Amino acid sequence: MLAIALAAGTAMTAACAQTTAPATSMVSTDGTLLSVSAEATSKRVPDVATISTGVVTRGADTNTAMRQNAEQMAKVMAALKGGGINERDIQTTGVNLNPQYHYEQNQPPKITGYEARNTVSVKVRDLAKLGTIMDTLVAQGANELNGPSFEVDKPDEAYDEARRAALEKAQARAEMYAKTLNLKVRRIVSIDETGGGFRPPVPVMRAMAMEAKGAADTAISPGESSLSVNLNIVFELGR
C-alpha cells in the first residue's frame with residue numbers, strides 16, 4: 001500500500017516546517033519534497049502458543065470451595081510441569097472466590113454456596129506438544145481452557161525484512177515520480193515508522209483418531225502470521 005504527497009519549492013518546505021522543523025530546515029529551497037507511505041509484510045510460522053487454563057470448584061462454604069480448588073489445581077500444575085513447561089512460562093492470572101445466590105420473587109437473595117476459580121496463563125514453546133498438553137490438563141482436572149493464541153518468539157528479523165521491503169517499495173515509487181517530472185531523487189529527508197504490527201493467525205483445532213485406543217487427541221495448526229511495517233518517507237527531488 002502506497003500513499004503519495006507532492007509539493008514543490010519553498011511552499012512545501014514552509015508547510016512541513018510546522019510539524020517537522022528539524023528535518024525540513026535543511027531542505028534547499030529549489031527542491032521538491034515527495035512524501036511516500038509504504039507498507040510491507042513479512043510472513044512467519046508462529047513458534048510459541050499461549051493458552052489460559054484453570055479450575056472452577058463449588059462448595060457449601062468458602063473453605064470447602066477453596067480447598068477443593070487447591071487440590072484440583074495442584075494436579076493441573078503438576079501436569080504442566082510434567083509436560084515440560086518451565087515455571088517461568090506459567091503465570092497466575094486470577095484467583096477468585098464468589099458467593100452463589102438463589103433468587104426468589106420479592107425475596108432477598110440467599111447465598112447457596114461459593115465458587116472458587118484459579119486461572120493461569122501458559123506459554124507453550126514446543127508446539128508439537130500443544131495438543132497433548134491441553135488434553136492432559138483436562139484429564140487432570142482443568143475445567144476451564146481457552147486459546148491458543150500464537151506468536152513469533154523472536155520477531156525482530158521478520159520486522160527488519162518488512163522494513164527493507166517497505167523502504168525499497170518507497171524508493172522505487174520516488175524514482176518513478178522523479179523520472180516522470182524529469183527530476184532526480186537527491187536524498188531522503190526523513191523516515192517515520194508507524195502502524196503495522198503483528199496479525200496472528202486463527203488457530204485451527206481438530207480431533208484426530210488414535211488407532212490404538214480409539215480416543216481423540218487434540219491437534220492444532222498454527223497457520224502463518226503476518227508482521228507488517230508502515231514507513232512514511234520524505235524524499236527531496238531536484239535537477
Side-chain angles (χ1 to χ4, degrees), residues 41-60 62 64-100 113-159 161-162 196-228:
T41 299
S42 181
K43 302 285 188 179
R44 289 292 188 277
V45 176
D47 51 7
V48 175
T50 301
I51 60 174
S52 175
T53 187
V55 172
V56 180
T57 55
R58 294 181 176 86
T62 56
T64 301
M66 289 297 288
R67 185 178 66 254
Q68 291 178 350
N69 191 281
E71 292 172 354
Q72 203 164 320
M73 194 65 187
K75 296 178 182 179
V76 170
M77 296 296 283
L80 286 171
K81 295 174 183 178
I85 305 298
N86 195 292
E87 286 190 11
R88 67 187 175 93
D89 291 327
I90 305 172
Q91 184 178 48
T92 298
T93 55
V95 177
N96 305 99
L97 178 66
N98 296 295
Q100 302 296 292
Y114 293 86
E115 180 184 89
R117 184 186 303 265
N118 191 334
T119 308
V120 294
S121 174
V122 182
K123 184 170 287 189
V124 181
R125 299 182 185 275
D126 186 351
L127 296 188
K129 297 180 179 179
L130 180 56
T132 300
I133 289 173
M134 294 174 72
D135 290 340
T136 302
L137 289 173
V138 174
Q140 292 300 313
N143 51 16
E144 215 175 45
L145 185 64
N146 295 287
S149 61
F150 293 103
E151 63 182 285
V152 178
D153 189 35
K154 297 179 180 179
D156 289 347
E157 180 183 349
Y159 278 122
E161 182 180 294
F198 174 76
R199 292 193 288 271
V202 178
V204 177
M205 302 178 61
R206 65 184 186 276
M208 296 176 62
M210 295 178 61
E211 295 181 4
K213 298 181 180 179
D217 190 20
T218 301
I220 297 178
S221 174
E224 190 176 63
S225 299
S226 299
L227 297 92
S228 61

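When reading the values below, keep in mind they use all heavy atoms of this one structure, side chains included, and skip hydrogens, waters and symmetry mates. No experiment lies behind these values; they were computed from the predicted model shown. For this chain, numbers begin at 1 and follow the sequence in order.
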Atom CG of N86 and atom NZ of K123: how far apart are they, to the nearest 0.5 Å? 11.5 Å
Are any of the side-chain heavy atoms of L130 and I51 separated by less than 4.5 Å? yes
Can you check whether V48's main-chain N or O pairs, donor with acceptor, with D153's side chain at less than 3.5 Å? no
Which atom pair, heavy atoms only, marks the closest approach of I133 to G83? CD1-O, 4.1 Å
Interatomic spacing from NZ in K43 to CD in E224 - rounded to 0.5 Å: 5.5 Å
Do side-chain atoms of D135 reach the backbone of T218 as a donor and acceptor pair under 3.5 angstrom? yes
Straight-line distance of L80 CG to D89 CG, nearest 0.5 Å: 10.5 Å
When every non-hydrogen atom of E161 is compared with those of S42, the smallest separation belongs to OE2-OG, 2.9 Å
P148 and V124, any side-chain heavy atoms less than 4.5 Å apart: no
Quick one: OG on S221 to CG on L127, what's the gap to the nearest 0.5 Å? 10.0 Å
Closest non-hydrogen atoms of V55 and A142, given as atom of the first, atom of the second and distance, are CG2-CA, 4.2 Å
Minimum side-chain heavy-atom gap M134-I220 below 4.5 Å: yes
When you check the side-chain N and O atoms of Q68 and T57, is any donor under 3.5 Å from an acceptor? no
For the residue pair T53 and V120, establish whether any side-chain heavy-atom pair is separated by less than 4.5 Å. yes
Ignoring hydrogens, what is the shortest heavy-atom contact between P46 and F150? Give both atom names and the distance. CB-CB, 3.6 Å
Rounding to 0.5 Å, atoms OG1 (T64) and CG (N69) come to a distance of 12.0 Å
Donor-acceptor pair, side chain of N118 and main chain of A70, under 3.5 angstrom: no
What one should report as the nearest heavy-atom pair of Q140 and V76 is O-CG2, 4.1 Å
Applying salt bridge (charged side-chain N to carboxylate O under 4.0 Å, His left out) to K81 and not counting sequence neighbours gives E87
Rounded to the nearest 0.5 Å, what separates atom CG in L137 from atom OG1 in T132? 10.5 Å
